Amino acid sequence: MRLGVKHLSAFASVALSLNGASAANSFAGSNLYYAAGLYPDARATLLDGLQSAGLKVLRVWLDGQSETQKGTPINPFPDLEPVTIGTYNDTVLDRLDDFMLDAHSHGIKLLISMHSFNALQAGDVYGQLYGTGYFYQNATPQAQFDARLEHVLNHVHTTLGKPWKELSDYIFAFEAENEAMIGKGQTYIQDNQAWQCDRANTIKSVLGDNSGILVVTGGESWMSESVQPDWLNCTSLDVISIHSYGTGDFVTSSIQAYVQQAQQAGKKLLYEEWGACYFDTENNDCPSGTALDTTTRNSNIQTWAAQITAAGVPWFYWQVIPSADPHDGEDYEIGIGDASWSTLQAASAAALQAPAAFDFSGYLL
Ligand SMILES: *[C@@H]1O[C@H](CO)[C@@H](O)[C@H](O)[C@H]1NC(C)=O
Ligand SMILES: *[C@@H]1O[C@H](CO)[C@@H](O)[C@H](O)[C@H]1NC(C)=O
């Protein structure tokens, strides 16, 4: 997720059947970029809620957070590299050590996003030095960023005593960065596809080939931007992440065209970010507005989740939150217990009963 407009995909839908579906069923998960900042009561609410919905994976971020996020008070923590590139403050990793044990006891694994374009653009240590262009194009920041990825993968769990790269019972997947290059535009992303595969090569070289942990891309603005040809043929990438908030990209036949491409390339697809806007604006442009009536929003959630599930692609909602939704900022969130929560629970349960185009069963609890 980034701030600003999520564009509609221009992709014309083509009717294609779901071929090659494996015997495995689908599943659903959720996102929470400030998971490492939850106090115990909020963490319990979140994990109990995700478990009650059968949501199997939670995607978490490493960027520092503070104050209150989406109505939830945050136990503050700094960026992994708060002051200087290469000088790590492991607070966020230590917090997630504890979090992943609790998640595991709820039948939930973590997808760990190791940096975000959001932090880069907001001027973290990389952003200050390199901006959003040199960061992706120059050899020095690439090597420095690879060292960060290696640091995370080799982080020794505080109580389990093993590095994260060996914790396939707790960790579903790693990705280098949320929405790499997203603010640079589609052409820039197309021109710099190698950055993603180079980072995946780094991650895979640390994980090894039989880690039981997936390497995923981290998504872009919409479907066609998220699925780039050189990622489909990048050996080190296991999964291509789709992020989209445009309703055209929720159409089953449109998704199936990408499913076929991925299957032919031997890759998996994951609809890693989507959501239903709380307001009556275009779904991909949701900063504020008039609230939709509850029936309409719930119908949107139910319909779009069902369409993605029907294409055989697992999905993660942006976001399930542990507090009542204050409806500030871009608002796709669903608070546990609020008026749309039972709709999302039902959508998740339906995913678990539906056939998937990709077999993720070996990676789930
Ligand atoms: C890491 O950050 C925490 C929280 O801000 C702080 O208390 C601690 O001193 C920092 N550790 C190092 C090694 O800088
Ligand atoms: C993937 O395909 C592109 C051309 O589309 C090519 O330049 C690149 O080398 C290929 N990568 C691999 C890993 O095969």
Side-chain angles (χ1 to χ4, degrees), residues 1-3 31-47 58-104 108 110-132 135 140-167 170-171 174-179 199 202-203 206 218 319 321-323 326 328-329:
M1 164 59 73
R2 65 169 168 148
L3 301 179
N31 289 273
L32 198 68
Y33 66 85
Y34 45 86
L38 297 187
Y39 285 104
D41 55 340
R43 186 169 93 187
T45 301
L46 180 76
L47 291 174
L58 180 66
R59 177 168 174 258
V60 303
W61 296 16
L62 303 185
D63 308 313
Q65 297 293 337
S66 61
E67 299 174 349
T68 295
Q69 299 289 331
K70 304 274 179 190
T72 301
I74 296 299
N75 182 6
F77 60 98
D79 283 350
L80 180 60
E81 293 162 279
V83 184
T84 311
I85 294 173
T87 302
Y88 303 100
N89 184 308
D90 285 343
T91 302
V92 64
L93 307 182
D94 296 342
R95 294 266 189 96
L96 291 174
D97 283 345
D98 197 40
F99 193 106
M100 71 175 71
L101 298 179
D102 201 359
H104 183 271
I108 294 161
L110 301 185
L111 189 164
I112 296 176
S113 183
M114 295 188 273
H115 191 240
S116 70
F117 182 85
N118 314 56
L120 183 72
Q121 190 174 44
D124 73 351
V125 283
Y126 292 99
Q128 283 168 30
L129 213 49
Y130 301 116
T132 58
F135 177 75
T140 300
Q142 289 178 20
Q144 291 172 322
F145 188 68
D146 282 343
R148 173 195 176 98
L149 303 179
E150 289 165 6
H151 179 82
V152 174
L153 296 163
N154 286 311
H155 170 72
V156 176
H157 190 285
T158 327
T159 54
L160 296 174
K162 285 185 174 177
W164 279 12
K165 66 184 176 188
E166 294 177 15
L167 296 183
Y170 302 85
I171 298 171
F174 286 104
E175 69 189 30
E177 186 170 78
N178 172 62
E179 297 175 349
R199 304 291 80 70
T202 298
I203 297 169
V206 178
Q319 310 178 109
I321 57 175
S323 30
D328 53 33

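Computed from a prediction, not measured in an experiment: that's the story for all the values here. Each ligand, and each atom within it, is numbered from 1 in the order the structure gives. Hydrogens, waters and symmetry mates are skipped; everything else that's a heavy atom, side chains included, is used.
- Take Glu166 and apply the side chain to side chain donor-acceptor pair (under 3.5 Å) test, not counting sequence neighbours, and it matches no residue.
- Between Tyr126 and His115, the gap from one ring centroid to the other is short of 6.0 Å.
- Pro78 CD, 3.9 Å is the protein heavy atom nearest to atom 4 (C) of ligand 1.
- Within a 4.0 Å radius of atom 9 (O) of ligand 1, the protein has no heavy atom.
- In summary, Lys70 and Asp328 do not engage in a salt bridge, as defined by a charged side-chain N under 4.0 Å from a carboxylate O.
- The option with the heavy atom closest to atom 1 (C) of ligand 1, from among Asn89, Val92, Val83, is Asn89.
- Taken from OG1 in Thr140 to OH in Tyr130, the straight-line distance is 5.5 Å, to the nearest 0.5 Å.
- Every atom of ligand 1 is numbered from 1 in the order shown, and the set under 4.0 Å from a heavy atom of Thr91 is 1 (C), 2 (O), 3 (C).
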